[in-house]
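What you see is a predicted model, and the numbers here were worked out from it, not measured in a lab.
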Amino acid sequence: MPIDPQRFLEDLHKLRSFGASGVGKGVVRQAYSDADIAARKWLAGRMKEAGLEPHFDPLGNLFGLAAEKSLLLGSHSDSQPEGGWLDGALGVIAGLEIARAAKEDGVPSISCVSFQDEEGRFGVLTGSDVWSGKLSLTEADGFADNQGNTLADMRGRMAELAGEFLPHDRFTGFLEMHIEQGPYLEETGLGLGVVTDIVGIRDMRITFEGRQNHAGTTPMHLRRDAFQALSAFNTALNSRFANVVTPATVWTIGHLALHPNASSVVPGRAVFSMQWRDADADRLARMEEIIKEAAQKIAAAHGVRAELGPVMGIEPAAMDARFQAGLADAAEALAPGKWQKMPSGALHDAASLATVMPAGMLFVPSIGGISHAFDEDTEEAELVLGLQVLNRAARALAG
């Protein structure tokens with residue numbers, strides 16, 4: 001199929017102009033923003049020019065449809081509040097170029113898609129979660145962003161574009177190309193990663209409730225300092241996880257709020273998020289046990305009370321073996337010895353799609369391992385190589 005790398009790059013840069021941050025190549029294109037809606041309308045126009053049928057569903061997911069039975073390629077085009085120009089956009093424009101080239105070649109077996117709100121303004125992988133059936137539209141409509149806007153209100157801004165939800169069986173599978181968003185490919189000198197699994201995530205909120213008191217007159221041995229408990233908890237986790245985790249396992253303490261957060265007051269309360277990620281569900285469960293046990297023991301030792309919130313989770317998703325093989329064959333043909341199978345530590349739409357159809361993912365390097373930032377970038381030659389490998393795999397898998 002006659003893919004056109006220059007046309008692909010030009011479209012990728014054009015998409016960057018919607019919500020351009022003015023800082024490097026960064027973008028500000030959150031789901032349902034003016035920039036996002038304008039970008040989707042432009043994408044729909046490009047799909048129509050390519051001979052594909054643009055189709056918006058009630059969420060704002062945008063499909064470029066070819067035949068009744070086709071392989072689906074794509075990603076998402078919304079961004080983080082301070083986003084990079086490639087995160088999601090790369091997979092959308094690669095899907096468009098490959099579907100367009102297939103159409104030009106008389107092969108109507110490849111369609112493309114840009115899913116809505118992958119970046120979680122309202123949920124997690126919202127557009128693909130709703131379309132795949134993991135999340136109901138009614139439930140999603142009740143989600144609110146940080147400013148109190150509901151998804152129902154925001155998707156109403158696209159109501160005049162919306163059609164019906166498409167059936168899953170219209171598609172034979174899903175392929176997504178994405179920047180790695182991490183340093184591994186660059187550090188190893190590899191140009192491509194064939195994704196084996198997308199990690200599962202567990203998230204919970206923990207509160208250490210101590211005793212607020214005067215910082216100058218309260219002796220150290222009498223303090224019930226919530227922050228000291230948090231500090232000890234963090235240190236304890238690093239040692240207690242040692243014999244459980246793998247080099248690919250990660251965990252993060254964030255969203256920390258201290259009360260009363262004053263320089264002359266012993267902190268009486270520390271509220272924080274605890275998130276951990278791994279591709280093995282059993283390991284995630286074992287880490288949960290360790291976290292809960294450590295929190296209670298540390299709390300008792302520091303004279304504070306531990307309150308453990310509910311554990312929220314997204315299950316690990318394995319990529320389809322046949323799709324992995326197709327991507328691996330294409331990578332070896334076009335970049336022999338310059339690729340490797342690897343897990344994804346970030347969430348992607350392919351995790352949702354894998355629950356309803358065969359799915360596969362291809363990674364290209366991220367310069368410095370940087371993503372979710374204005375200075376996210378990848379060498380254009382590596383973007384084009386990824387396009388060529390994805391095209392070769394798609395042609396084989398589409399039959």
Side-chain angles (χ1 to χ4, degrees), residues 18-19 27-41 43-44 55-63 72 74-84 87-92 95 112-159 161-168 171 174 176 178 181 198-203 273 275 277 312-317 344 346-357 359 361 371-372:
F18 294 93
V27 296
V28 178
R29 195 169 59 234
Q30 280 194 287
Y32 305 104
S33 65
D34 289 345
D36 171 60
I37 294 171
R40 289 177 185 277
K41 289 180 177 179
L43 281 166
H55 179 88
F56 287 95
D57 71 13
L59 251 296
N61 297 322
L62 170 60
F63 295 80
L72 186 63
S75 189
H76 64 96
S77 54
D78 64 303
S79 81
Q80 287 285 331
E82 292 189 357
D87 182 357
L90 172 62
V92 170
C112 58
V113 65
S114 173
F115 286 110
Q116 181 59 290
D117 196 28
E118 190 271 358
E119 295 291 7
R121 178 179 177 182
F122 294 97
V124 180
L125 310 180
T126 314
S128 56
D129 268 358
V130 171
W131 185 64
S132 66
K134 179 180 178 181
L135 179 68
S136 74
L137 182 59
T138 300
E139 183 180 2
D141 271 344
F143 293 167
D145 65 11
N146 292 334
Q147 287 74 48
N149 302 302
T150 66
L151 186 145
D153 289 339
M154 289 296 99
R155 73 182 183 88
R157 303 186 69 211
M158 301 181 66
L161 300 172
E164 299 299 317
F165 283 113
L166 295 171
H168 303 145
F171 306 105
F174 177 68
E176 181 173 8
H178 209 282
Q181 300 183 283
I198 298 175
V199 298
I201 299 179
R202 299 291 184 268
D203 201 288
S273 64
Q275 185 186 99
R277 304 187 184 207
M312 311 298 286
I314 297 172
E315 295 306 308
S344 170
L347 278 180
H348 299 288
D349 290 310
S352 296
L353 274 289
T355 64
V356 292
M357 65 184 67
M361 280 201 78
S371 187
H372 286 183

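- Leu72 CG to Glu176 CD: the interatomic distance, rounded to the nearest 0.5 Å, is 10.0 Å.
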Taking it one step at a time, do Leu353 and Ser128 satisfy side-chain contact (heavy atoms from CB on, under 4.5 Å)?
-> CA-CA 7 Å; Leu353 274 289; Ser128 56; 3.8 Å; yes
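- Classification of the Phe115-Trp131 ring pair by plane angle, with boundaries at 30° and 60°, yields tilted.
- With Ser344 contributing its side chain and Ile198 its backbone, the two residues share no donor-acceptor pair below 3.5 Å.
- Distance alone, capped at 3.5 Å, is enough to place a donor-acceptor pair between the His55 side chain and the Glu164 backbone.
- Pairs passing the salt bridge (Lys or Arg N to Asp or Glu O under 4.0 Å) check and including a residue from residues 116-130, sequence neighbours excluded, read Arg121-Asp145.
- Contact between Val113 and Val92 at its shortest, heavy atoms only, is O-CG2, 3.9 Å.
- The CG atom of Asp34 sits 13.0 Å away from the CZ atom of Arg29 when rounded to the nearest 0.5 Å.
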Trace of the side-chain contact (heavy atoms from CB on, under 4.5 Å) decision for Gln181 with His348 = CA-CA 11 Å; Gln181 300 183 283; His348 299 288; 3.2 Å; yes
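- Rounding to the nearest 0.5 angstrom, the gap separating the CZ atom in Phe174 from the NE2 atom in His168 is 12.5 Å.
- The shortest heavy-atom contact between Ala162 and Asp57 is CB-O, 3.8 Å.
- A donor-acceptor contact shorter than 3.5 Å links the side chain of Asn61 to the backbone of Gln116.
- The line from CD of Gln30 to CD of Gln80 is 7.5 Å long, rounded to the nearest 0.5 Å.
- Between Ala346 and Val199 the shortest heavy-atom distance is N-CG2, 4.5 Å.
- Phe18 CZ to Lys41 NZ: the interatomic distance, rounded to the nearest 0.5 Å, is 11.0 Å.
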Give the C-alpha distance, both sets of side-chain angles, the deciding distance and a yes or no for side-chain contact (heavy atoms from CB on, under 4.5 Å) between Ile314 and Asp203.
-> CA-CA 9 Å; Ile314 297 172; Asp203 201 288; over 6 Å; no
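- Side-chain contact of Asp87 with His178: a donor-acceptor pair under 3.5 Å is present, judged by distance alone.
- Between the side chains of Asp153 and Thr150, at least one donor N or O sits under 3.5 Å from an acceptor N or O.
- Here the shortest heavy-atom pairing between Leu137 and Pro58 reads CD2-CB, 4.3 Å.
- In this structure, the side chain of Arg40 engages the main chain of Ser114 through a donor-acceptor pair within 3.5 Å.
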Might you work through the side-chain contact (heavy atoms from CB on, under 4.5 Å) test for Ile201 and Met312, ending with a clear yes or no?
-> CA-CA 8 Å; Ile201 299 179; Met312 311 298 286; over 6 Å; no
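- The distance from atom CZ of Phe143 to atom CG of Asn149, rounded to the nearest 0.5 Å, is 15.0 Å.
- A donor-acceptor pair under 3.5 Å is absent between the side-chain atoms of Arg155 and the main chain of Gly60, judged by distance alone.
- The side-chain heavy atoms of Arg157 and Ile37, taken from C-beta on, include a pair separated by under 4.5 Å.
- The shortest side-chain heavy-atom distance between Val130 and Phe165 falls under the 4.5 Å cut-off.
- A pairwise comparison of heavy atoms in Ser132 and Ser352 identifies CB-O, 3.6 Å as the closest pair.
- Closest approach of Asp78 and Ala31 over heavy atoms only: CB-N, 3.8 Å.
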